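Reading through the structure tokens given below for one structure.
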Amino acid sequence: MRLLSRYVLIECVRGTVLGVTLFTFVLFLQRIGKLFEPMVRGSASLTDVAWLFALVLPPALTFTIPLGVLVGVLIGLSRMASDGEITAIRASGVSARLLLRPVLIFAGITTLFTGFGTTVLTPAAIKETYHVLNRLIADQLTAEIQPRIFEEQFPGMVLYVGDVIPGHTVRWRNVFIADTRPPEERDAANPDGKSNGPLITVARETIATPDIKNNRIQLSLIDGTTHEPGETDNEYFNSSFPRSEQVLVAQPPRELRAKAYAEMDMGSLRRELGNNVEAQIEWHQRLALPFACLLLCLIGMPLGVSTRRGGKSTAVVLTVALAFLYYVGLVTAVGLARGQTMPAWLAMWLPN
């Protein structure tokens, strides 16, 4: 009996690995599309790209493991049925119900693994994903400066750069800066300015160092001049300098945020339950989704044993059909819970 159980378990695992790989690949391609713009615009390193790709897997696996389990059970048992192995087992006096034992063991293992993914891995992965994305957005301070374009992203300042030399230390050439702020708001670089006109600074070269923490760019201006009109029409002040320091304060970056409560751990989420419907939906969905592995195994076993033709193609078609019904039910349940048509706990467990 142990040999039979091991044989059935191996058959299910093989098909499950195939199904999980296929469905994860499809879902992976769909989810990484949202990451491309921040990665490209922020000039992400290969390490950041690899890490973001890895962080996509836990949320994807929580949905694809139940589907893969169903594929594995269907493929494994339908192959045994089509090859006459199920008939041989019955003819030898062994009840086909004994096949239920390895299937249930397999379902229990995958349920526990999926539960760990929904309650621990997925929230942590989502939180880390948005942390990395927001860091990449902050790194765009100097990357967004384009040559020969007037930049007005800095409040009260207009910046024009003739040429950008990328590298570990970003250098700008032929820099023009117009400080249009009132004189009393200008920094200590021009304490005597009293004109309402702009303070113009021109530099042959500038070293631009992003200060991500303070959301600004520290400029080291080399070989430059300043020009400012005085209080009267006859006054005009010019000065030159070999080197000067100036700061460009950028507008606060648009921070990316995850779906409400998606990045919370279970302890923090539990404290938010109360009368908050969204928190209740997230809580019960994390707990209900892993049991789809067990339920789909129990559905897949009689379907697999009774399938004698079609093999893998039949298994895939049945999986898509059952998955469609289950996840349509899940989406409908979320809508019912948000509309307060039924309690959140009942709506999220109803598809199961």
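Only this structure's heavy atoms are used, side chains among them; waters, hydrogens and symmetry mates stay out. For clarity, every value in this text was computed on a predicted model and none was experimentally measured. Residue indices begin at 1 and follow the sequence shown.
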Decide yes or no for [X] and [Y]: does some side-chain heavy atom of the first lie under 4.5 Å from some side-chain heavy atom of the second?
{"X": "Pro102", "Y": "Arg6", "answer": "no"}
{"X": "Ile299", "Y": "Leu322", "answer": "yes"}
{"X": "Ile207", "Y": "Trp172", "answer": "no"}
{"X": "Arg204", "Y": "Arg173", "answer": "no"}
{"X": "Val175", "Y": "Val202", "answer": "no"}
{"X": "Trp51", "Y": "Glu128", "answer": "yes"}
{"X": "Leu61", "Y": "Thr114", "answer": "no"}
{"X": "Ile165", "Y": "Val170", "answer": "no"}

Value rounded to 0.5 Å, distance of [atom1] in [X] from [atom2] in [Y]:
{"X": "Thr206", "Y": "Leu221", "atom1": "OG1", "atom2": "CG", "result": "4.5 Å"}
{"X": "Leu70", "Y": "Thr16", "atom1": "CG", "atom2": "OG1", "result": "9.0 Å"}
{"X": "Met157", "Y": "Ile177", "atom1": "CE", "atom2": "CD1", "result": "5.5 Å"}
{"X": "Leu269", "Y": "Gln280", "atom1": "CG", "atom2": "CD", "result": "10.0 Å"}
{"X": "Tyr130", "Y": "Lys259", "atom1": "OH", "atom2": "NZ", "result": "9.5 Å"}
{"X": "Ser268", "Y": "Tyr261", "atom1": "OG", "atom2": "OH", "result": "11.5 Å"}

Ignoring hydrogens and geometry, is there a side-chain-to-backbone donor-acceptor pair from [X] to [Y] under 3.5 Å?
{"X": "Glu151", "Y": "Gln146", "result": "yes"}
{"X": "Arg243", "Y": "Ile222", "result": "no"}
{"X": "Asp223", "Y": "Ala203", "result": "no"}
{"X": "Thr64", "Y": "Ala60", "result": "yes"}
{"X": "Thr110", "Y": "Ala107", "result": "yes"}

Have [X] and [Y] got a donor and an acceptor in their side chains that come within less than 3.5 Å?
{"X": "Thr129", "Y": "His131", "value": "no"}
{"X": "Thr118", "Y": "Thr62", "value": "no"}
{"X": "Asn174", "Y": "Tyr160", "value": "no"}
{"X": "Thr201", "Y": "Thr226", "value": "no"}

Should the heavy atoms of other residues, nucleotides or ligands under 6.0 Å from [atom1] of [X] be counted, would the total exceed 12?
{"X": "Phe291", "atom1": "CZ", "result": "no"}
{"X": "Tyr7", "atom1": "OH", "result": "yes"}
{"X": "Phe25", "atom1": "CZ", "result": "no"}

Give me the atom names and distance for the closest heavy-atom approach of [X] to [Y].
{"X": "Phe63", "Y": "Leu67", "result": "O-CG, 3.6 Å"}
{"X": "Pro198", "Y": "Pro229", "result": "O-CD, 3.5 Å"}
{"X": "Pro290", "Y": "Gln285", "result": "CD-O, 4.5 Å"}
{"X": "Arg286", "Y": "Asp265", "result": "NH1-C, 4.0 Å"}
{"X": "Pro59", "Y": "Ala125", "result": "CD-CB, 4.2 Å"}
{"X": "Met264", "Y": "Pro123", "result": "O-CB, 3.3 Å"}

### Message
Please tell me whether Phe53 and Phe28 form a close aromatic pair, meaning their ring centres lie under 6.0 Å apart.
### Response
yes
### Task
Can you sort out the partners of Leu287 under side chain to side chain contact (heavy atoms under 4.5 Å, CB included), two or more places apart, ordered by chain and number?
Thr119, Met266, Trp283, Trp349
### side chain to side chain contact (heavy atoms under 4.5 Å, CB included) against Val120, all qualifying residues, sequence neighbours excluded
Phe116
### Query
What's the verdict on side-chain contact (heavy atoms from CB on, under 4.5 Å) for Leu273 and Arg270, showing C-alpha distance, side-chain angles and the deciding distance?
CA-CA 5 Å; Leu273 292 179; Arg270 185 175 183 178; 4.2 Å; yes
### Query
Run the side-chain contact (heavy atoms from CB on, under 4.5 Å) check on Leu104 and Leu298 step by step: do they pass?
CA-CA 8 Å; Leu104 286 179; Leu298 294 178; 3.6 Å; yes
### Query
Is Arg338 salt-bridged to Glu278, cutoff N-O under 4.0 Å?
yes
Report yes or no: do [X] and [Y] belong to one cluster of Ile/Leu/Val/Met/Phe/Trp/Tyr joined by side chain heavy-atom distances under 4.5 Å?
{"X": "Val161", "Y": "Ile200", "result": "no"}
{"X": "Leu330", "Y": "Leu295", "result": "no"}
{"X": "Trp345", "Y": "Val277", "result": "no"}
{"X": "Leu9", "Y": "Ile65", "result": "yes"}
{"X": "Val20", "Y": "Leu121", "result": "no"}

### Query
Hey, mind stepping through Thr24 and Leu57 against side-chain contact (heavy atoms from CB on, under 4.5 Å) and telling me if it holds?
CA-CA 8 Å; Thr24 301; Leu57 293 179; 4.0 Å; yes
### Query
In a check of side chain to side chain contact (heavy atoms under 4.5 Å, CB included) between Phe106 and each of Leu294, Thr111, Val13, which one passes?
Val13
### Task
Could you check Met301 against Leu77 for side-chain contact (heavy atoms from CB on, under 4.5 Å), going step by step and ending with a plain yes or no?
CA-CA 7 Å; Met301 183 178 176; Leu77 296 183; 3.6 Å; yes
### Task
Indicate the ring-plane relationship of Phe150 and Phe176, choosing parallel, tilted or perpendicular according to the 30° and 60° boundaries.
perpendicular
